[in-house]
Every structure is written in C-alpha cells, then in structure tokens.
**Q** 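One structure, pasted below without further comment.
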Amino acid sequence: MSKRNLIATIDCGSSNVRCIIFDMDTGEQVSAEARDWYVPQNGDIPGAYDFDGKINWPLVCECSREALSRVDPAEIRAVTATGFRHGIFLLDRTRDEVVYGCFNMDSRTDFTEIQRLGLEKAIFETAGDWPTLHGLPRLMWLKRHDPEAFARVTDVMLISDWVVYKLCRQIAIEPGDASSTLLLDVKTRQWSAKIADALGIPMHILPPVVDAGTVLGTVDEDASRETGFPVGTPVVCGVADTQAGLVGVGAVGLDTSAIVGGTYWLVCHSTDKPVVDPEYRTRLSCHSEKGQWIYEGIGFYHGLIVRWFRDVFGTEEKAFAEAHGLSDYNLLDRLTWSVPAGSYGMQVLMSDVANQQNWRMAAPTFMDWDILDPKKSHKGVFFKAILENACYVASGEYANIRRVLSREDIPGKVLLSGGAAHSDTWCQILSDVLGTKVSTPKEREGTSIGAAIYAAVGIGLYASTAEAVAAIVKPGKEFLPNEANHQVYLREMARWQELYKNGLELLGRGLVRSMWQPESTLTQAQRDDPWKIR
C-alpha cells in the first residue's frame, strides 16, 4: 500500500493553536488537535496580554503529538505554520527566550515618535497601511517603555515564524506576513531602510524575506522529541493567515474577491497593481503570491459578537444542541428564517467600515426595535441584525476598493471561508447585501490548507499554487442574491451609515465607550473623561 502525502499545518489563531494534517492528494483533513493559548492579561498595563514561550510552546507540541497519533508520522512530507498578523515576537541573542510576544489584540503601541516626525502618511505610502496595531508601533512601544529589553532584541518575527524557528532553528519571513509590520516596502517587497532608519529600528534585527513555500530546514532532534515530527521532515516558511486563506478557498489569480470570515472579517480583492489608497482608508498588503497584492478591509469582532450573543442569549440553544448533537449556531440561524430582510428596521452599531487614519468603533448598540410587538423584537430579530451588520461592513469595504481602483465591477463574485461559511443564513444575507453570487469551499479550513498548499508546492508535490488548488480545493455551496432583498439592504445600509456617524459623534463627545479604538484617535473630550466612564 503506497504512503499518503500528508502535510501538517500549525495554525496559530488569536485564541488557540491547532495542528491540522491534510492529505495533499485529496485535500481531505485527516487529523486535527487544538489547545487554547495561555496569554493572561497583564495586571499592570491595561489591554496588554503577556505571551510566555516556555508555557505556550508545550501547547504546540501537545497538539502536534496528538494529531500525529492518528496517522503514520512517516507519511508526513512537510510541516509548516500560519498565523495571525500584526503581532510581533522578539528573540534575544540566545534565541531561546521570547523577549516580547505581542498578540494582535494587544494594546501596547506607541505613536509618539511617528507623530512627532509626521511619518504617518509616508509610512502608509510605503508600507500600505496607517500605523495603528502593527509590528512597527509595537516595536516603538518597547523601544520607548522598555529600552533595556529593546536593546536585547536580535530577531523580529511573527508567530508563525516563531513556530517554524522552534522546529528547525531557521528564521525567515514571507512578504504577506512582513507587510503587517509596516517596515516592508509593499512595492519592492523588501524591507524599507528609510522607515527603519527614521525611527531607529536596526535593520539587522529584521529577518530575510523569502518566497512563500521556501523550505527553510528540517525538523531537528530536539523538535522531533518534543513534537513527534520525524527528524529530517522538511520545514516550510510560515505564511500569513489571510493570504493563506485566500489560496485555501480557491481565490487564486488576479481580480478575485474573497472574505475570510472569522473573529475578524478580512474583505479582500487581489490585483497586480499596487496602488496605495490616496485617501489613506483601505489597506494594501503584499499577497504571498509573487507579483500580486491584496486590498483588505477589516470587519472587527464579527465572530466574537456572534459568540457573545450565543453565550448570553442562546443558552437554551446551547443546551439543546449539546443534548442532541446539533450546532447551537444553526439553531440560532433558524430563529432568523421568518425575519424579513432589514430585521423590521432594527439596526446594530458594532463594527464600522475601515478608515485607517481615524478608525474608531461606536459603542455597541441595538437601535429601533418595537417593544410592543414581540413578533418584531424576538431573539431571532436581534441575531439577524447582527449578521446584517457584518455584511454592511463588507459592502462598505468593497465600495472603498472600487474607489481606489476606479472600477464598478468589484466584486464580481465572492468566496467566503472561515466560521461564517458554515452558516447558510449568513452566506445568503451576504449575497443579498452585495447583490452578487457568494460561494463557499467544501473544506472550510481555508487558512490551514492554504498554508499546506504553499508547503506542497515548496517540496515539489505541485508545480504551482494554481495547480494545487485545481487538484484539491473542492467547491461547496453557491448562494444567489434575491433582488428584492438587495433593494431593501441598499436602503438599510444607507440608513446604517447615517446612524453610525451619530454613534461616532457620541463617542467623540466622551459620552460612551468605544467597542474598539486606538489611543491615537482619542478626542480631547475622551481624554478628559468628564463622565468617568473609562
């Protein structure tokens, strides 16, 4: 019996780490295991979460050993990693200690020197994004607040690069991940000495930039003993989660539109023309594919909001689902089936459309429901309004991309992956809001299999990502827009945009707390905080 071509992906999410093993001849997932990260909140610094490599690396190892226990380890052809962007992981000269590990939700950023030098627009024009929650302002925080630790730093990387380093003791980064640091020139796809020198970031601490799919080394004896991967297994460079997710759902080639719908919704469109947004609103990142870039809009906390609603208001559905082996989210979806498009006029202010240079979220708000008519104000109405809000944000992000590219045909169709793709209800609402076809892949773990595809190309199982996608990424369902619903949503989205402006006004006056807001956008009224709400 011939051996299978298995590839393992260590997928580092914001809340947990997973080892997922794929059969790269079929694209089928054959084993998976997960562990929650241990990242406690720092009691001394509000919004800070401390990552301890000595505690969290064993969690990676536990996942790997457990996932490998269900397959023949000798069939593993390569191992790779993928993970969230916009955090940073810093090593000292011993390369054994994580001097500073920073997740993407961590609040430790510093804009003082960037603002003093007036570099915000120059950074956007070079690196494709405004310096908010990125590697650069995080480095500046460490440089300003803990100069002793900053002086010890010898290597800067992202979390997937750290995992790869632990497996083979080699450090490198691909352009998709490197883009999230704001130290990469997106047009040349190499580090920007101009930005680094202006802010006192030593160039020697930045890793080599290599192509996605590059084999960096092999699993060494220590890593093999800890993880269970055989000594000598090829280790492939880590890859950015969103970029891997696009490939994993089949969104390859130019002019493809896709949404990776998880905790955050990454609303993407690929291009071969790296045009930076002149209004500084929409992010431009390097795609992990050579010669390609992606425009990205970001819907904040969509997945978390849905989970919050389930945990607080869906306790009955959770209990019933557990007792009968069902999905609690699907039970909540069922409650929306009798609710018309627009949720009887109920509006939700949660996430907003991106405006990178002044990005703030209003206070979480439900508006305009009828307390005298239970038919129009039951649990399903509230839940559907939450789903609609996410789709309004996606529509606004594509409107921004159309503006940058001066094109009205974007998106032609949309591929949706991630947790949101498991909800037929959400998929249909998205199609109705956008007025275009929405499709999902059969394998919803797009990010993990996308990273595995890059690894498969890197070790020669396939000649290109396009060839691999054609062979193993299978289509799932398709959803076509209901024109009557689309017209309702055009009106309701315009109303939502006006309501959101008012929500931001209340925020700016310091009357409410933002769902999310970087310190650099605080108004003087918020800083004064006369109502003592912060």
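Quantities reported herein were computed from a predicted structural model and do not represent experimental measurements. Side chains included, hydrogens not; waters and symmetry mates left out as well; all remaining heavy atoms used.
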**Q** Can you see whether Tyr329 engages Arg310 through a side-chain donor-acceptor pair at a distance of less than 3.5 angstrom?
**A**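 Their side chains do contain a donor-acceptor pair, which is all the 3.5 Å distance test asks for.
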**Q** Taking Pro175's backbone N and O only, do any of them form a donor-acceptor pair with Ser179's side chain (distance below 3.5 Å, no angle check)?
**A**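 Judged by distance alone, yes, a pair lies under 3.5 Å.
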**Q** Using 0.5 Å steps for rounding, measure from the CD1 atom of Ile259 to the OH atom of Tyr398.
**A**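 If we round to the nearest 0.5 Å, Ile259:CD1 and Tyr398:OH are 4.5 Å apart.
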**Q** Give a yes or no on whether a salt bridge exists between Arg95 and Asp155, defined as a side-chain N under 4.0 angstrom from a carboxylate O.
**A**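 Answer for the salt bridge query: yes.
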**Q** Rounded to the nearest 0.5 Å, what separates atom CD in Gln356 from atom OG1 in Thr132?
**A**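 Nearest 0.5 Å value for the CD-OG1 distance: 5.5 Å.
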**Q** I'd like to know if Lys318 pairs up with Asp311 as an ion pair, taking the criterion as any Lys NZ or Arg NE/NH1/NH2 lying under 4.0 Å from an Asp or Glu carboxylate oxygen.
**A**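 Yes, charged N to carboxylate O under 4.0 Å.
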**Q** Side chains of Ile123 and Leu136: does their closest heavy-atom pair fall under 4.5 Å?
**A**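 Yes - at least one pair of side-chain heavy atoms lies under 4.5 Å apart.
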**Q** Is a salt bridge present between Asp277 and Arg403, judged by a nitrogen-to-oxygen distance below 4.0 Å?
**A**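 Yes, this pair counts.
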**Q** Just by distance, no angles: are the side chains of Thr256 and Ser270 close enough, under 3.5 Å, to form a donor-acceptor pair?
**A**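 Yes.
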**Q** Kindly list each side-chain donor-acceptor pair under 3.5 angstrom involving residues 239-246, sequence neighbours excluded, with atom names and distances?
**A**
from, atom 1, to, atom 2, distance (Å)
Asp241, OD1, Arg85, NE, 3.4
Thr242, OG1, Arg85, NH2, 2.9
Gln243, NE2, Cys286, O, 2.9

**Q** Ignoring hydrogens and angles, tell me if any N or O in the side chain of Gln190 forms a donor-acceptor pair with the backbone of Leu184 under 3.5 Å.
**A**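 The answer is no, because no donor-acceptor pair under 3.5 Å joins these two groups.
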**Q** Under 4.5 Å between any side-chain heavy atoms of Ile453 and Ile472, yes or no?
**A**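 Yes, at least one pair of side-chain atoms sits under 4.5 Å.
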**Q** Using the ring-ring contact (aromatic ring centres under 6.0 Å, His included) rule, collect all pairs that involve residues 410-462, keeping only residues at least two apart or in two chains.
**A**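 Qualifying pairs: Trp265-Trp426.
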**Q** Can you see whether Thr425 engages Trp337 through a side-chain donor-acceptor pair at a distance of less than 3.5 angstrom?
**A**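 Side chains of Thr425 and Trp337: pair found under 3.5 Å.
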**Q** Could you verify whether a donor N or O on one side chain and an acceptor N or O on the other, from His269 and Ser257, lie under 3.5 Å apart?
**A**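 There is such a pair (donor and acceptor under 3.5 Å, judged by atom type) between the side chains of His269 and Ser257.
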**Q** Using 30° and 60° as the class boundaries, would you call the ring planes of Trp37 and Phe103 parallel, tilted or perpendicular?
**A**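 Ring orientation, 0 to 90° scale: perpendicular.
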**Q** Tell me, do Asp129 and His134 make a side-chain contact under 4.5 Å, heavy atoms counted?
**A**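 The answer is yes, as the side chains (C-beta and beyond) meet within the 4.5 Å cut-off.
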**Q** Flag yes if more than 12 heavy atoms outside Lys474 fall under 6.0 Å of its NZ atom; otherwise flag no.
**A**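 Check passes, neighbour count above 12.
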**Q** If we ignore hydrogens and angles and just use 3.5 Å, is the side chain of Ser423 paired with the main-chain N or O of Ala420 as donor and acceptor?
**A**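 Such a contact is absent between Ser423 side chain and Ala420 backbone.
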**Q** Does Arg169 count as lying over the ring of Tyr165, i.e. NZ or CZ under 6.0 Å from the six-ring centre, within 45 degrees of the axis?
**A**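 Relative to the ring axis of Tyr165, which defines the angle, Arg169 lies inside both limits.
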**Q** When you measure from the side chain of Thr233 to the backbone N and O of Phe229, does any donor-acceptor pair fall under 3.5 Å?
**A**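 Here the side-chain-to-backbone pair does not exist.
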**Q** If we ignore hydrogens and angles and just use 3.5 Å, is the side chain of Thr181 paired with the main-chain N or O of Leu183 as donor and acceptor?
**A**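 Between the backbone of Leu183 and the side chain of Thr181 there is a qualifying donor-acceptor contact (under 3.5 Å).
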**Q** Assess the residue pair Val71 and Arg4 against the criterion (side chain to side chain contact (heavy atoms under 4.5 Å, CB included)); give the C-alpha distance rounded to whole Å, side-chain angles, the decisive distance to 0.1 Å, and a yes or no.
**A** CA-CA 10 Å; Val71 301; Arg4 296 175 294 179; 4.2 Å; yes
**Q** Any side-chain to backbone donor/acceptor pair from Arg18 onto Ser448? Under 3.5 Å, distance only.
**A**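 Looks like no, no N/O pair under 3.5 Å.
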**Q** Taking the six-membered ring for Trp, is the centroid-to-centroid distance between Trp130 and Trp359 below 6.0 Å?
**A**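 Between Trp130 and Trp359, the centre distance exceeds or equals 6.0 Å.
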**Q** Just by distance, no angles: are the side chains of Asn5 and Asp25 close enough, under 3.5 Å, to form a donor-acceptor pair?
**A**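 Result is yes, a qualifying pair exists.
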**Q** Salt bridge or not between Arg65 and Glu33? Use side-chain N to carboxylate O under 4.0 Å.
**A**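 Here Arg65 does not pair with Glu33 in a salt bridge, since their nearest N and O are not under 4.0 Å apart.
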**Q** Do you know the tightest heavy-atom contact between Ile195 and Ala127?
**A**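 Minimum heavy-atom separation between Ile195 and Ala127: CD1-CB, 4.5 Å.
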**Q** Which label fits Phe383 and Phe309: parallel for a plane angle under 30°, tilted from 30 to 60°, or perpendicular past 60°?
**A**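 Plane angle between 30° and 60°, so tilted.
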**Q** Would you mind reporting whether Trp191 and Asp185 have side-chain heavy atoms less than 4.5 Å apart?
**A**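 Heavy-atom side-chain distance check fails, nothing below 4.5 Å.
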**Q** Roughly how far, to the nearest 0.5 Å, is CG of Leu331 from CZ of Phe320?
**A**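 The CG atom of Leu331 is 7.0 Å from CZ of Phe320, to the nearest 0.5 Å.
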**Q** Look at Lys166 together with Asp161 and state whether they make a salt bridge at an N to O cut-off of under 4.0 Å.
**A**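 Answer for the salt bridge query: no.
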**Q** Just checking Tyr301 against Trp308, ring centres under 6.0 Å apart?
**A**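 Not close enough - the centres of the two rings lie 6.0 Å or further apart.
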**Q** How many angstroms lie between CZ in Arg307 and OG in Ser15, if you round to the nearest 0.5 Å?
**A**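 It is 6.0 Å, given to the nearest 0.5 Å.
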**Q** Roughly how far apart are Ile171 CD1 and Leu206 CG, rounded to 0.5 Å?
**A**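 Between Ile171 CD1 and Leu206 CG, I get 11.5 Å after rounding to 0.5 Å.
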**Q** When you measure from the side chain of His302 to the backbone N and O of Thr263, does any donor-acceptor pair fall under 3.5 Å?
**A**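 No, the answer is negative, given that no donor and acceptor are paired below the 3.5 Å cut-off.
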**Q** Quick one: are Lys290 and Asp211 in side-chain contact, heavy atoms under 4.5 Å?
**A**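 Yes, at least one pair of side-chain atoms sits under 4.5 Å.
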**Q** For residues Val186 and Ser285, determine if any side-chain heavy atom of one lies less than 4.5 Å from a side-chain heavy atom of the other.
**A**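 In short, these two side chains do not touch, never coming nearer than 4.5 Å.
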**Q** With side chain to side chain donor-acceptor pair (under 3.5 Å) as the criterion, how do Thr465 and Glu289 come out once you've worked through the C-alpha distance, each side chain's angles and the decisive distance to 0.1 Å?
**A** CA-CA 8 Å; Thr465 53; Glu289 292 284 281; 2.8 Å; yes
**Q** I'd like to know if the side chain of Ser417 reaches the main chain of Gly446, judged simply by a donor and an acceptor atom lying under 3.5 Å from each other, with no hydrogens or angles considered.
**A**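 Looks like no, no N/O pair under 3.5 Å.
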**Q** Can you check side chain to side chain contact (heavy atoms under 4.5 Å, CB included) on Leu139 and Ile88, steps first, answer last?
**A** CA-CA 8 Å; Leu139 275 172; Ile88 51 171; 3.9 Å; yes
**Q** Is there a side chain to side chain contact (heavy atoms under 4.5 Å, CB included) between Val215 and Ile459 once you walk through the steps?
**A** CA-CA 7 Å; Val215 177; Ile459 64 171; 4.0 Å; yes
**Q** Are side-chain N/O atoms of Gln428 and Asp432 paired as donor and acceptor at under 3.5 Å?
**A**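 Result is yes, a qualifying pair exists.
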**Q** To the nearest 0.5 Å, what is the distance between CD1 (Ile20) and OG1 (Thr82)?
**A**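 Atom-to-atom, Ile20:CD1 and Thr82:OG1 are 10.0 Å apart.
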**Q** Which is it for Val235 and Thr80 under the side chain to side chain contact (heavy atoms under 4.5 Å, CB included) test, yes or no, and what are the steps along the way?
**A** CA-CA 6 Å; Val235 179; Thr80 189; over 6 Å; no
**Q** In terms of side-chain geometry, is the basic nitrogen of Arg77 or Glu75 positioned less than 4.0 Å from the acidic oxygen of its partner?
**A**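 Judged by the 4.0 Å cut-off on N to carboxylate O distance, Arg77 and Glu75 do not form a salt bridge.
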**Q** Using modelled atom types and a 3.5 Å cut-off, is there a donor and acceptor pairing between side-chain atoms of Thr436 and backbone atoms of Gly412?
**A**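 Side chain of Thr436 to backbone of Gly412: a pair is present.
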**Q** Got a salt bridge between Asp50 and Arg108, using NZ or NE/NH1/NH2 to carboxylate O under 4.0 Å?
**A**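 Salt bridge: yes.
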**Q** When you compare the side chain of Ile386 with that of Val306, does any pair of heavy atoms fall below 4.5 Å?
**A**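 Val306 reaches Ile386 side chain to side chain.
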**Q** For a salt bridge (Lys or Arg N to Asp or Glu O under 4.0 Å) check, start with the C-alpha distance between Arg407 and Asp255, then their side-chain angles and the critical distance, and finish with the verdict.
**A** CA-CA 11 Å; Arg407 290 178 51 185; Asp255 268 341; 2.8 Å; yes
**Q** Looking only at atom types and distance, does a side-chain atom of Tyr295 sit under 3.5 Å from a main-chain N or O of Val275, one as donor and one as acceptor?
**A**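 Judged by distance alone, yes, a pair lies under 3.5 Å.
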**Q** Please determine, by modelled atom types, if Ser288 and Glu174 share a side-chain donor-acceptor pair under 3.5 angstrom.
**A**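 Judged by distance alone, the side chains do pair up.
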**Q** Examine Arg189 relative to Trp293 and say whether NZ or CZ is less than 6.0 Å from the centre of the six-membered ring and inside a 45° cone about the ring axis.
**A**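 The answer is yes, since Arg189 meets both limits relative to Trp293.
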**Q** Any luck finding a side-chain donor-acceptor pair between Thr9 and Asp11 under 3.5 Å?
**A**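 Checked: Thr9/Asp11 side chains show no N/O donor-acceptor pair below 3.5 Å.
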**Q** Is the closest side-chain heavy-atom distance between Val267 and Val393 below 4.5 Å?
**A**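 Of all side-chain heavy-atom pairs linking Val393 with Val267, none is under 4.5 Å.
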**Q** Does the side chain of Thr154 come under 3.5 Å of the side chain of Asp92 through a donor N or O and an acceptor N or O?
**A**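 No, because no side-chain N or O of Thr154 sits under 3.5 Å from a partner of the opposite role on Asp92.
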